[in-house]
Structure formats: structure tokens, C-alpha cells
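Worksheet: the structure to be examined is printed underneath.
No hydrogens, no waters, no symmetry mates; every other heavy atom, side chains included, goes into these values.
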Amino acid sequence: MTWMAGIDIGGTNLKAGLVSDAGKVEEFLREPVERNVTGEAFARQLATLVERMTARRPLAGIGVGVPATLRAAEGKALLRGCNLPGLNEFRLGDRLRELTSRPVHVANDADMAMAGEARFGAARGVRNAVAITIGTGIGTGLWLDGKLWEGAHGSGAEFGLAHGPDVPQRKGGPRWVTLEAAASA
């Protein structure tokens, strides 16, 4: 059986699962996220977590969902949107690959949630779907015409970053805020 490690980086917790090629979650771990962690320390934390889960199982690769837009060609988290400042411009995928000697794929967390639903969950077998993730932030993944939509620059659909008027409106007209700032946890 082939195993993959899936890691979801949230604003307050990091969740990791060991998943079979059939989509069965064999093991699940949760750890708090230190907001001011450096990229290097965070990569080492992830590598340790992966090793704890996979000590007795062959691991084919690691998928990491990051709460940020990414430079797709470079695999770097952009400054805008990342809730862990130490990861901004840090090559997390490259460093985790070095530490674990495993293939690593880093992508937007909502995009990865959408891809998981399309392969194993509620969106299996459909041509079009949307996944909206609500937590510390608001993320959006789009499944269009049977594939994940990544956008022109690899940043996908970030509906949480859309702007609208703040409610209630204040003197001097509306103050514009992101949907994420108005409605996330």
C-alpha cells in the first residue's frame, strides 16, 4: 500500500494525516502553530511530525496546504495572505524535501481541500464544484471542467480577499474590508 502525508497549516493549528492511496486516513495528528516561528524551525517541525507518523510505513510523498497565495513556479509563499510571517518568501517545499528525502507538493490550502473532495469526497465525479474553507481565514478552491482552477498566476480563487463595504457603515461613507476580515474566525 502507498501512503502520503497530508499537512494542513492553519492559523492556530497544524493538522497532519497519513493517508492511503484509497483515501483512508490511517493516522491523524494536531499540533499548535507558533505564529512567530521562522521558516527553518517550521520546516523542521513538519519533518519531525512526518517522521512520527511514518516510522513504520513507506511514504510516497508529502502534500502541504498553506494559507496563502503562492508563486506557483517557485513554490514560495507570497507576503500577502500568509498568517505565519516567518513563511513569507521561505521555500518551505524545497526545505521539507531536503529534510525528509521525499517528494513534496506545496499548494494553497483551500485548493488542496477542493482537490481532496474531488478525488475522495463530496465532489467526486462532478465537473464543477466550489470548496469554501472557513477558519482563521476564508479560502476558496474551484473545480472547473473536471480540474482544479489555479488562475493565471497560480493563486487560484481567493474569494476571502474580495473587498466589500464594512457593516455597519460609518460616517463619511463605507469602509471597505475583505470578506475574510469581516467574516472569518
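- Remark: R127 engages D145 in a salt bridge (Lys or Arg N to Asp or Glu O under 4.0 Å) (not counting sequence neighbours).
- When all heavy atoms are compared, the tightest approach of V50 to A5 is CG2-CB, 4.3 Å.
- We find the CE-CZ distance between M114 and R119 to be 14.0 Å, quoted to the nearest 0.5 Å.
- In terms of the side chain to side chain contact (heavy atoms under 4.5 Å, CB included) criterion, residue partners of A16 (sequence neighbours excluded) are, by chain and number, I7, L49, M53.
- At least one side-chain heavy atom of V104 sits under 4.5 Å from a side-chain heavy atom of V106.
- Taking OG from S101 and CG from L59, the interatomic distance works out to 11.0 Å, rounded to the nearest 0.5 Å.
- Distance check, rounded to the nearest 0.5 Å: CD of E40 to CG of L87 gives 11.5 Å.
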Contacts table for residues 24-33: side-chain donor-acceptor under 3.5 angstrom, sequence neighbours left out:
from: K24; atom 1: NZ; to: E26; atom 2: OE1; distance (Å): 3.2
from: E27; atom 1: OE1; to: R57; atom 2: NH1; distance (Å): 3.3
from: E31; atom 1: OE1; to: Q45; atom 2: NE2; distance (Å): 2.8
from: E31; atom 1: OE2; to: R52; atom 2: NH1; distance (Å): 2.7

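- When the side chain to side chain contact (heavy atoms under 4.5 Å, CB included) test is applied to L99, the partners found at least two apart in sequence or on another chain are A43, R44, A47, R95.
- Counting heavy atoms from C-beta on, the side chains of S20 and M4 never come closer than 4.5 Å.
- With sequence neighbours excluded, the residues satisfying side chain to side chain contact (heavy atoms under 4.5 Å, CB included) with T2 are D21, A60.
- Residue pairs meeting the side chain to side chain donor-acceptor pair (under 3.5 Å) criterion with at least one partner in residues 3-15, sequence neighbours excluded, are absent.
- With a 4.5 Å cut-off on side-chain heavy atoms, I9 and D109 do not count as touching.
- Interatomic distance, CG of D111 versus CH2 of W143, reported as 10.5 Å (0.5 Å rounding).
- To the nearest 0.5 Å, atoms CD1 (I138) and CZ (F159) are separated by 12.0 Å.
- Taken to the nearest 0.5 Å, the CD1 atom of I62 stands 8.5 Å off from the CG atom of L46.
- Follow the hydrophobic side-chain contacts under 4.5 Å out from M112 and you never reach V130; the two are in separate clusters.
- Of the possible polar contacts, one joining the R102 side chain to the T100 backbone as a donor-acceptor pair under 3.5 Å is found.
- Note: the hydrophobic cluster containing L142 does not contain V126 (ILVMFWY, side chain heavy atoms under 4.5 Å, direct or indirect links).
- Under a 3.5 Å cut-off, the side chain of T133 and the backbone N or O of A110 do not form any donor-acceptor pair.
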